[in-house]
Peer 1: 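Before I ask anything, let me first share the structure, which is written out below as structure tokens.
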There are 2 protein chains.
Amino acid sequence: MAAVVDDRAVCCGHHRVCESCEVRDLAVCRVLSPEELRRFAALARHVTLESGATLFHEGDPATHVYSLTRGYLRLCKLLADGRRQITGFLVPGDFIGLAFADTYVYSAEALGPTRLCAFARTAFQDWLARTPHLEHELLGRARGELAAAQEQMLLLGRKSARERVASFLLAFARRLGREPGETVPLPMTRTDIADYLGLTIETVSRTLSGLRREGLIELVGKNGYRIRHAAALEAVAAL
Amino acid sequence: MAAVVDDRAVCCGHHRVCESCEVRDLAVCRVLSPEELRRFAALARHVTLESGATLFHEGDPATHVYSLTRGYLRLCKLLADGRRQITGFLVPGDFIGLAFADTYVYSAEALGPTRLCAFARTAFQDWLARTPHLEHELLGRARGELAAAQEQMLLLGRKSARERVASFLLAFARRLGREPGETVPLPMTRTDIADYLGLTIETVSRTLSGLRREGLIELVGKNGYRIRHAAALEAVAAL
DNA sequence: ATGCCACATTGACCCATCTCAAACTTTGTC
DNA sequence: GACAAAGTTTGAGATGGGTCAATGTGGCAT
């Protein structure tokens with residue numbers, strides 16, 4: 001369950017090279033020049049997480065920020081009695097560190113085998129101070145995350161279970177860049193979906209079954225789905 | 001109900017001077033040097049809103065960003081059938097424009113007589129590109145808003161009505177810098193509180209009455225309250 | 001192949017909150 | 001200072017989604 005800190009990420013090194021990175025055009029580093037990228041990579045450590053492993057815990061001192069290169073993460077907040085709210089799922093290319101300053105405001109857990117680049121927070125902030133276009137990129141991402149957070153508040157505060165599930169299926173497919181009709185992977189469990197949508201696992205299951213029975217979606221195993229009728233699903237989602 | 005665009009904000013002018021601004025140490029402009037402030041102020045227009053007036057509508061092209069200098073705003077998102085979610089209340093010193101790019105992602109409405117400084121979004125972004133420490137300030141604010149949004153997701157997704165109301169009373173008092181025991185103004189209606197907490201007006205009213213009956217809070221008219229027993233209220237809030 | 005285990009589905013019942021309704025209070029207006 | 005309008009409180013009954021419980025199922029280790 002532990003995080004494995006890998007070797008240093010070296011550009012032009014023998015092991016892993018930023019130029020051939022899987023998320024080269026998605027991650028924050030996309031705004032760096034080749035020369036900047038080389039120096040930036042010297043700060044990075046590769047981290048590997050096995051399925052279910054915790055990257056960091058809510059409340060712990062925030063020592064690092066991360067860039068997700070492969071796999072999926074869930075961000076969780078807990079109440080004292082164990083109730084859990086998942087505030088977001090991260091996909092490759094996402095940056096982890098926009099929302100917290102001194103301490104992590106959520107826990108981050110791997111939904112499957114996962115790889116990240118880790119940066120010491122202090123070193124990263126020094127870099128930020130000297131690299132305005134990187135800061136600009138982060139502000140743009142923060143903008144997007146804030147807008148998404150507002151949308152999620154609308155969902156959690158005012159939508160019915162059916163609307164929540166439909167909204168989630170549409171948003172997650174779009175997030176992964178899947179066209180309507182393509183199969184969308186569902187790397188999280190029903191429990192994760194429930195804790196993200198403010199529902200119970202039973203309600204999520206019943207609602208998915210209902211949407212399937214009506215022919216709006218198709219369930220591909222337990223870990224995938226296909227949107228059969230996007231327009232109808234959007235109508236259900238009350239967008 | 002319309003917004004009144006006032007005269008140009010001139011530093012060293014006859015009308016309103018940034019140096020004597022009520023939110024001099026709270027607003028984003030606090031990071032500007034006196035010389036920068038003078039040039040920055042030349043971009044600003046003062047805007048006055050009467051109670052209930054709409055500053056801008058969700059979905060409209062985002063032409064301006066704002067700094068709130070006096071009064072309170074609510075940020076609203078609407079569903080097609082009229083259901084409303086308030087995603088936040090703004091207090092003096094807050095910046096409006098972190099979450100949106102080309103179009104406003106929520107409507108902004110005045111809770112009472114309100115004053116703002118308005119900046120054309122394009123001009124503001126030009127300034128941002130040339131003023132890294134201003135961008136840094138905005139990123140810091142975005143960080144705080146993101147953390148607050150995550151907290152609100154936990155509230156909306158997992159807390160009971162009682163926990164939501166208690167959390168709100170504590171958070172709003174802290175937001176205004178009020179010590180426990182001081183009277184906190186409540187510039188929004190019960191309907192606003194309900195739409196912020198994902199509840200109905202009746203449930204908010206009943207819950208407030210309950211907390212008052214138990215001696216945890218005191219209601220000061222309809223537009224104010226006092227926290228009588230902060231520790232107990234925190235226990236109720238399930239923080 | 002088999003059995004196990006975690007996860008998912010389905011059903012029956014219950015309750016926190018919503019809905020509907022009526023009375024009350026405050027604020028502003030003439 | 002009386003009325004109207006808007007907002008708030010309180011009560012009684014309805015319900016969407018939660019809780020509890022039982023059954024189904026796919027993946028993996030042996």
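Heavy-atom basis, side chains included; hydrogens, waters and symmetry copies ignored. Every chain is numbered from 1 and lettered A, B, ... according to where its sequence line falls, protein lines coming before strand lines.
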Peer 1: Look at B:Asp195 together with B:Arg74 and state whether they make a salt bridge at an N to O cut-off of under 4.0 Å.
Peer 2: no
Peer 1: Can we say B:Arg162 and B:Glu214 salt-bridge, meaning some charged N sits less than 4.0 Å from an Asp/Glu carboxylate O?
Peer 2: yes
Peer 1: Using heavy-atom distances to pick each residue's nearest nucleotide on DNA chain C, tell me which of A:Arg158 and A:Arg190 is more 5'.
Peer 2: A:Arg190
Peer 1: Please work out if B:Leu199 contacts a base, only the sugar-phosphate, or nothing of the nucleic acid, heavy-atom cut-off 4.0 Å.
Peer 2: sugar-phosphate
Peer 1: Does a side-chain N-to-carboxylate-O contact under 4.0 Å join B:Asp94 and B:Arg175?
Peer 2: yes
Peer 1: Check the phosphate of D:dT10 against B:Ser209, side-chain N and O only, distance under 4.0 Å to OP1 or OP2. Yes or no?
Peer 2: yes
Peer 1: Is any side-chain nitrogen or oxygen of A:Thr203 closer than 4.0 Å to OP1 or OP2 of D:dG18?
Peer 2: yes
Peer 1: What is the nucleic acid contact for A:Gly210, judged by heavy atoms within less than 4.0 Å: base, sugar-phosphate only, or nothing?
Peer 2: nothing
Peer 1: Under 3.5 Å, side chain of B:Glu58 to main-chain N/O of B:Leu78, donor-acceptor pair present?
Peer 2: yes
Peer 1: Send over the distance from B:Leu219 CG to C:dT26 C1', rounded to a whole Å.
Peer 2: 15 Å
Peer 1: Less than 4.0 angstrom from a charged side-chain N to a carboxylate O is my criterion; do B:Arg70 and B:Glu22 meet it?
Peer 2: yes
Peer 1: Kindly compute the distance separating CG (A:Leu155) from OG (A:Ser160), expressed to the nearest 0.5 Å.
Peer 2: 9.0 Å
Peer 1: Closer to the 5' end of DNA chain D via nearest nucleotide, is it A:Thr200 or A:Asn223?
Peer 2: A:Thr200
Peer 1: For a quick check of understanding: with a heavy-atom distance under 4.0 Å over all strands, which category does B:Ser205 fall into, base, sugar-phosphate or nothing?
Peer 2: base
Peer 1: Got a list of protein N/O to nucleotides 20-24 of chain C N/O distances below 3.5 Å?
Peer 2:
| unit_1 | atom_1 | unit_2 | atom_2 | d |
| --- | --- | --- | --- | --- |
| C:dC20 | N4 | B:Glu202 | OE2 | 3.0 |

Peer 1: With a 4.0 Å cut-off on N to O distance, would you call A:Glu163 and B:Arg83 a salt bridge?
Peer 2: yes
Peer 1: List every contact pair, protein side and nucleotides 3-5 of chain C side both N or O, where the distance is under 3.5 Å.
Peer 2:
none

Peer 1: Would you call B:Glu151 and A:Lys77 a salt bridge, using N to O less than 4.0 angstrom?
Peer 2: yes
